[in-house]
Amino acid sequence: MLVFVIGGSGSGKSEWAEKKAMELSDGGRALYAATMRRDGEEAEKRIEHHRKARKDRDFITAELPYDLRGLSGYSSVADTVLIEDLSNLLTNLRYFRNMSFETAEEEIKSQIKDLSKNFKNIIIVSNDVFSDGIEYPEETMGFIRSLSGLNIGFAARTDLFAEVVVGIPLIKIKS
């Protein structure tokens, strides 16, 4: 099953996705693919916040800021993987691996396609950064367009789509 979860900052999307991962793992362990780079005090605070939030859940955490294929070795111990989150992965490939937006998008699609061969359930978390109506500098608009393209592509293929708003999931199940 492919699950796609989107929401704004602080919307509750991560909490909802973590609960869904536990549900889909059916009492087994789930993988938590953390894509945030450890690059400073603010990043460490966010990482610690997420670790505390999931401390009572049976996740195996793998920090993979550039390549999700590192999860393939875990397929014997878990069948569900939660990717937290798409925007971090796009940022890391674009700005720290110097890929164009187009190349980074294709790389992400390829990585997730490869994961789907090894895992029964994949949950992708992404950010809603499209609603403020502000026109940003071209580089930022390129990022927004690229993330939007990824979101649209994954949402179209998903078995379950959830937009989380103020902690409330608005869910669409593929019919």
Side-chain angles (χ1 to χ4, degrees), residues 1-24 32-54 64-66 68 81-113 115 121-175:
M1 171 180 272
L2 179 62
V3 178
F4 188 78
V5 184
I6 191 168
S9 177
S11 66
K13 66 187 175 293
S14 297
E15 173 76 12
W16 188 88
E18 290 167 12
K19 287 178 181 176
K20 179 54 74 175
M22 292 293 96
E23 176 187 316
L24 291 175
Y32 187 100
T35 61
M36 180 175 271
R37 290 178 66 245
R38 290 182 169 273
D39 65 352
E41 187 176 329
E42 186 61 32
E44 292 299 329
K45 285 179 186 176
R46 291 183 58 137
I47 289 167
E48 185 58 28
H49 169 77
H50 278 271
R51 283 188 180 277
K52 283 181 181 176
R54 67 179 186 272
L64 300 164
Y66 307 105
L68 299 171
V81 60
L82 177 121
I83 301 165
E84 174 75 42
D85 67 43
L86 202 56
S87 57
N88 282 334
L89 187 57
L90 176 62
T91 297
N92 297 342
L93 293 175
R94 169 69 176 112
Y95 298 106
F96 300 101
R97 291 295 186 253
N98 298 314
M99 293 183 182
S100 68
F101 285 121
E102 296 78 16
T103 302
E105 284 181 58
E106 291 308 312
E107 176 62 17
I108 290 168
K109 291 175 194 174
S110 176
Q111 288 180 28
I112 292 174
K113 182 180 179 183
L115 285 182
N121 305 301
I122 298 175
I123 301 169
I124 302 168
V125 177
S126 192
N127 289 296
D128 179 357
V129 295
F130 320 105
S131 302
D132 62 11
I134 296 172
E135 187 71 23
Y136 291 98
E138 182 53 36
E139 179 67 21
T140 304
M141 293 305 296
F143 175 83
I144 290 170
R145 284 190 296 273
S146 189
L147 184 60
S148 176
L150 285 167
N151 288 349
I152 290 167
F154 287 120
R157 296 186 11 224
T158 195
D159 299 301
L160 188 147
F161 172 86
E163 178 181 14
V164 181
V165 181
V166 295
I168 301 167
L170 308 171
I171 298 173
K172 179 171 179 13
I173 299 172
K174 192 175 197 174
S175 51

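Atom set for the values below is all heavy atoms of this structure, side chains included, hydrogens, waters and symmetry mates excluded. This one's a predicted model, so the numbers in the text were calculated from it and none came from an experiment.
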- Query: How long is the gap from CG on Asp159 to CD1 on Ile122, to the nearest 0.5 Å?
  - Reply: 10.5 Å

- Item | side-chain contact (heavy atoms from CB on, under 4.5 Å) against Asn98, all qualifying residues, sequence neighbours excluded | none

- Go through the steps to decide whether Leu2 and Ile124 satisfy the test side-chain contact (heavy atoms from CB on, under 4.5 Å), and finish with yes or no. CA-CA 8 Å; Leu2 179 62; Ile124 302 168; 3.8 Å; yes

- With no hydrogens and no angle check, is any side-chain donor or acceptor of Thr35 less than 3.5 Å from a backbone partner on Glu84? yes

- Message: Do Leu160 and Ile171 have side chains that approach each other closer than 4.5 Å (heavy atoms only, starting at C-beta)?
- Response: yes

- Closest non-hydrogen atom pair, Glu107 against Leu93: CG-CD1, 3.9 Å

- Task: Using modelled atom types only, decide if a donor and an acceptor are shared between the side chain of Thr91 and the backbone of Ser87 within a distance under 3.5 Å.
- Result: yes

- Ile134: side-chain contact (heavy atoms from CB on, under 4.5 Å) partners, not counting sequence neighbours: Asp132, Tyr136

- Message: Taking the cut-offs as 6.0 angstrom to the six-membered ring centre and 45 degrees off its axis, would you call Arg94 and Phe143 a cation-pi pair?
- Response: no

- Message: Glu135: which residues meet the side-chain hydrogen bond (donor to acceptor under 3.5 Å, both in side chains) condition with it, sequence neighbours left out?
- Response: none

- Not counting sequence neighbours, which residues clear side-chain contact (heavy atoms from CB on, under 4.5 Å) with Glu23? List them please. Lys20

- Test Glu106 against Lys109 for salt bridge (Lys or Arg N to Asp or Glu O under 4.0 Å), laying out the working first. CA-CA 5 Å; Glu106 291 308 312; Lys109 291 175 194 174; 3.3 Å; yes

- Shortest non-hydrogen contact between Leu86 and Phe154, atoms and distance: CD2-CD1, 4.0 Å

- Task: Supply the atom-to-atom distance Tyr66 OH to Leu89 CG, rounded to the nearest 0.5 angstrom.
- Result: 10.5 Å

- Could you tell me whether the side chain of Ile6 reaches within less than 4.5 Å of the side chain of Phe130, counting heavy atoms only? yes

- When rounded to the nearest 0.5 angstrom, what distance separates OG in Ser11 from CD1 in Ile168? 11.0 Å

- Message: Donor-acceptor pair, distance only, cut-off 3.5 Å: does the side chain of Asp85 make one with the backbone of Ser126?
- Response: no

- Value rounded to 0.5 Å, distance of CG in Leu150 from CD1 in Ile108: 5.0 Å

- Which pair of non-hydrogen atoms, one from Leu147 and one from Asn127, has the smallest distance, and what is that distance? CD2-O, 3.8 Å

- Item | Rounded distance [0.5 Å steps], OG1 in Thr158 versus CG in Asn151 | 11.5 Å

- Message: Which residues pass the salt bridge (Lys or Arg N to Asp or Glu O under 4.0 Å) test with Arg145, not counting sequence neighbours?
- Response: Glu138

- Message: If we ignore hydrogens and angles and just use 3.5 Å, is the side chain of Glu163 paired with the main-chain N or O of Lys172 as donor and acceptor?
- Response: no

- Query: Taking the inter-plane angle between the rings of Phe101 and Tyr95 on a 0 to 90° scale, is it parallel (under 30°), tilted (30 to 60°) or perpendicular (over 60°)?
  - Reply: perpendicular

- Could you pull out all residues at least two apart from Glu15 that satisfy side-chain contact (heavy atoms from CB on, under 4.5 Å)? Glu18, Lys19, Arg57

- Note on the structure: All heavy atoms of Leu90 vs all of Ala104, minimum pair found to be CD1-CB, 3.8 Å

- Query: CD1/Ile83 to CG/Leu115 distance, rounded to the nearest 0.5 angstrom?
  - Reply: 5.5 Å

- Item | Test item: Val81 and Leu68 side chains (from C-beta on) under 4.5 Å apart, heavy atoms | no

- Task: Check whether any side-chain N or O of Lys13 sits under 3.5 Å from a backbone N or O of Gly8 as a donor-acceptor pair, and report yes or no.
- Result: yes

- For the student: nearest non-hydrogen atoms of Val125 and Ala17, plus distance: CG2-CB, 3.5 Å

